[in-house]
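Here is how names work: the chains are called A, B, and so on, in the same order as the sequence lines, proteins then strands, and each is numbered from 1.
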2 protein chains.
Amino acid sequence: MTTKNPPTKSATRTRNLQRSRQEILDAAFIEVFKNGFQGVSVDEIIKKTDLTKGAFYHQFPTKMDLGYALVEEVITPMILDRWILPLENFKNPLEGILVQLQKNIGEVEIDQLKLGCPLNNLVQEMAPVDKGFKKKLETALELWIDKIEWHLKRGKKAGYLSDDVSPRDAANFIVMAHEGFYGMVKGLSDPSLVKSLFKSIKIYFKSISN
Amino acid sequence: MTTKNPPTKSATRTRNLQRSRQEILDAAFIEVFKNGFQGVSVDEIIKKTDLTKGAFYHQFPTKMDLGYALVEEVITPMILDRWILPLENFKNPLEGILVQLQKNIGEVEIDQLKLGCPLNNLVQEMAPVDKGFKKKLETALELWIDKIEWHLKRGKKAGYLSDDVSPRDAANFIVMAHEGFYGMVKGLSDPSLVKSLFKSIKIYFKSISN
DNA sequence: ATCGTAAAATACCATTTAGTATGTTGTCAG
DNA sequence: CTGACAACATACTAAATGGTATTTTACGAT
């Protein structure tokens, strides 16, 4: 009974609320990433989809709600995936952070980098404009900082960080450096910039290391 | 002859191209600062003025041109005024930068801070969207970095900076820290954040000082 | 098989938007 | 004093925008 597999046919070509939601979120993420939230229209988003406006407003009451969902369902998992989870593999968290910086910034094509950081983009654009946005964005940012702080704490216990450094202060500064990093790359074309900023971050890391 | 003073009357209540331009720029700066460039309309801007659309489009061919003028005629002078010119008074540029950070960030009302840095806001929002914007913004950012670098060089000559620190690298990092600073304050409500970031910046400054 | 409902499509609307066309008025040279 | 032109005002438009009203269709339960 209840054979979950569809008989034949091209498998998953039916109606599916979750799939449609994901399809809209994926398309929206790209467009918002490229043009900003206020710079993209609902029509443009659904045009990148094989769905229509009816499906959009069946999922999201307003355009703002799409924005909130972007932060919670796309951007937050992306941050954890790129910046937090990989740190598990490093005994020294500072080393792990540097490696991830190298992977996520140093080794990414410049065209992608020019679009900035999805989270930071929205913070800069939407935090002062809409309170709902600000709250979701703040939650994501705090999560990021909290996780970094947690890893720094264990790194400190393991003796990698100086005794007189506050993990919270360092976590704040590190996330700040991430955002600043993206911001600078976005604004400048200087090809030596990434290396230059890297050098300075390493200097800071050394100054808080044992 | 040619009595430049108007006879009586409320003095400067006549037509004046420059004054009108400045009036539009001032109003536009505030609105764009609050809502982003794409988040504000020409109609809203002129509503904050005692001029009309005719005056606006007499000054600026398009809305984009207003944006360009904002960068060149309002934001760039503001940066020089806030972050560069005051450094003349300090033999040690690092000390001057810290003092200006304190003045321009530490002592400003939080409501104002929440709006971010006018330059960084536009970089994040408009650099990937419009090439004209990107060019103007890049010019402004480069000017900022160049001036900081110049002051660091003289500071190095005077013996305040370590011999092995590159003024260019440090200048890049310092401007990056400014932008990151604003970005974090914009995204978070943590009242201890400013002090926390300050501490870290001081640590970095010490690590490149003699 | 069919029926109710959720998922999605289609057509439509009021408002807002950047920009234009044209009219009006202040100012200044002669 | 008087044109002439620059500095502005007013009225308008075509397109885009977020959102809605209504209809169609797939799917699971019975």
Side-chain angles (χ1 to χ4, degrees), chain A residues 1-25 27-28 31-32 35-70 126 129-130 132-133, chain B residues 1-25 27-28 31-32 35-70 126 129-130 132-133:
Chain A
M1 289 301 120
T2 64
T3 322
K4 283 298 165 79
N5 285 0
T8 42
K9 286 265 176 182
S10 62
T12 50
R13 268 286 161 232
T14 75
R15 294 188 167 181
N16 184 325
L17 190 64
Q18 289 185 44
R19 175 208 313 283
S20 295
R21 184 181 185 86
Q22 198 58 47
E23 194 177 345
I24 294 172
L25 284 173
E31 293 306 304
V32 170
N35 302 99
F37 184 78
Q38 295 177 319
V40 89
S41 69
V42 174
D43 290 278
E44 280 179 51
I45 292 172
I46 60 166
K47 208 177 289 174
K48 305 280 175 179
T49 296
D50 52 2
L51 298 166
T52 62
K53 219 166 200 178
F56 183 97
Y57 280 100
H58 187 64
Q59 301 270 355
F60 307 103
T62 73
K63 190 193 172 192
M64 280 293 176
D65 289 287
L66 163 72
Y68 303 161
L70 275 179
M126 297 306 296
V129 172
D130 179 85
F133 247 114
Chain B
M1 290 300 122
T2 65
T3 322
K4 283 297 164 81
N5 283 1
T8 43
K9 286 264 176 184
S10 62
T12 50
R13 267 288 162 230
T14 76
R15 296 189 165 183
N16 184 324
L17 190 64
Q18 289 187 43
R19 175 208 314 282
S20 296
R21 183 182 186 87
Q22 199 58 47
E23 193 177 345
I24 293 171
L25 283 174
E31 293 305 303
V32 170
N35 301 99
F37 184 76
Q38 295 178 320
V40 90
S41 69
V42 174
D43 289 278
E44 280 179 51
I45 293 171
I46 61 167
K47 208 177 290 176
K48 306 281 175 175
T49 297
D50 53 2
L51 298 166
T52 62
K53 219 164 202 181
F56 183 96
Y57 281 99
H58 187 64
Q59 300 270 357
F60 308 103
T62 74
K63 190 193 172 192
M64 280 291 175
D65 289 287
L66 163 72
Y68 304 160
L70 275 179
M126 297 306 296
V129 172
D130 179 83
F133 246 115

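Minimum heavy-atom separation, B:M126 to B:F37: CE-CD2, 3.8 Å. Of all non-hydrogen atoms in B:Q59 and B:L17, the two that sit nearest each other are NE2-O, 2.9 Å.
By the side-chain hydrogen bond (donor to acceptor under 3.5 Å, both in side chains) test, A:N35 is found to be paired with no residue, residues two or more places apart in sequence or in another chain being considered. B:Y57 meets the ring pair (Phe, Tyr, Trp, His ring centres under 6.0 Å) test with no other residue; sequence neighbours excluded. Judged as a side-chain contact (heavy atoms from CB on, under 4.5 Å), and not counting sequence neighbours, the contacts of B:D65 are B:F60, B:P61, B:T62, B:Y68.
With rounding to whole Å, A:Y57 atom OH is found 9 Å from D:dT17 atom C1'. Straight-line distance from the CZ atom of B:F56 to the P atom of D:dT10: 17 Å, rounded to whole Å. Rounded to whole Å, atom C1' of C:dG19 lies 14 Å from atom CG of B:L66. Rounded to an integer number of Å, the gap from B:D65 CG to C:dA18 P is 14 Å. Whole-Å rounding puts the B:Q22 CD to D:dC8 P distance at 13 Å.
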Taking N or O atoms only and anything under 3.5 Å, show me the protein contacts with nucleotides 5-9 of chain C, one pair per line.
from  : atom 1 : to    : atom 2 : distance (Å)
C:dA7 : OP2    : A:H58 : NE2    : 3.1
C:dA7 : N3     : A:R15 : NH1    : 2.6
C:dA8 : OP1    : A:N16 : N      : 3.1
C:dA8 : OP1    : A:N16 : O      : 3.4
C:dA8 : OP1    : A:S20 : OG     : 2.5
C:dA8 : OP2    : A:S20 : OG     : 3.4
C:dA9 : OP2    : A:T52 : N      : 2.7
C:dA9 : OP2    : A:T52 : OG1    : 2.7
C:dA9 : O5'    : A:T52 : OG1    : 3.3

What side-chain donor-acceptor pairs closer than 3.5 Å can you find for residues 38-46 of chain A, not counting sequence neighbours?
from  : atom 1 : to    : atom 2 : distance (Å)
A:S41 : OG     : A:E44 : N      : 3.1
A:D43 : OD1    : A:K53 : NZ     : 3.4
A:D43 : OD2    : A:K53 : NZ     : 3.4

*Test log, rule side-chain contact (heavy atoms from CB on, under 4.5 Å), inputs B:N16 and B:R21*: CA-CA 9 Å; B:N16 184 324; B:R21 183 182 186 87; over 6 Å; no

*Given A:F56 and A:T49, is the side-chain contact (heavy atoms from CB on, under 4.5 Å) satisfied, shown in steps?*
CA-CA 10 Å; A:F56 183 97; A:T49 296; over 6 Å; no

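For the contact set between residues 37-49 of chain B and DNA chain D, defined by any heavy atom under 4.0 Å, there are no members.
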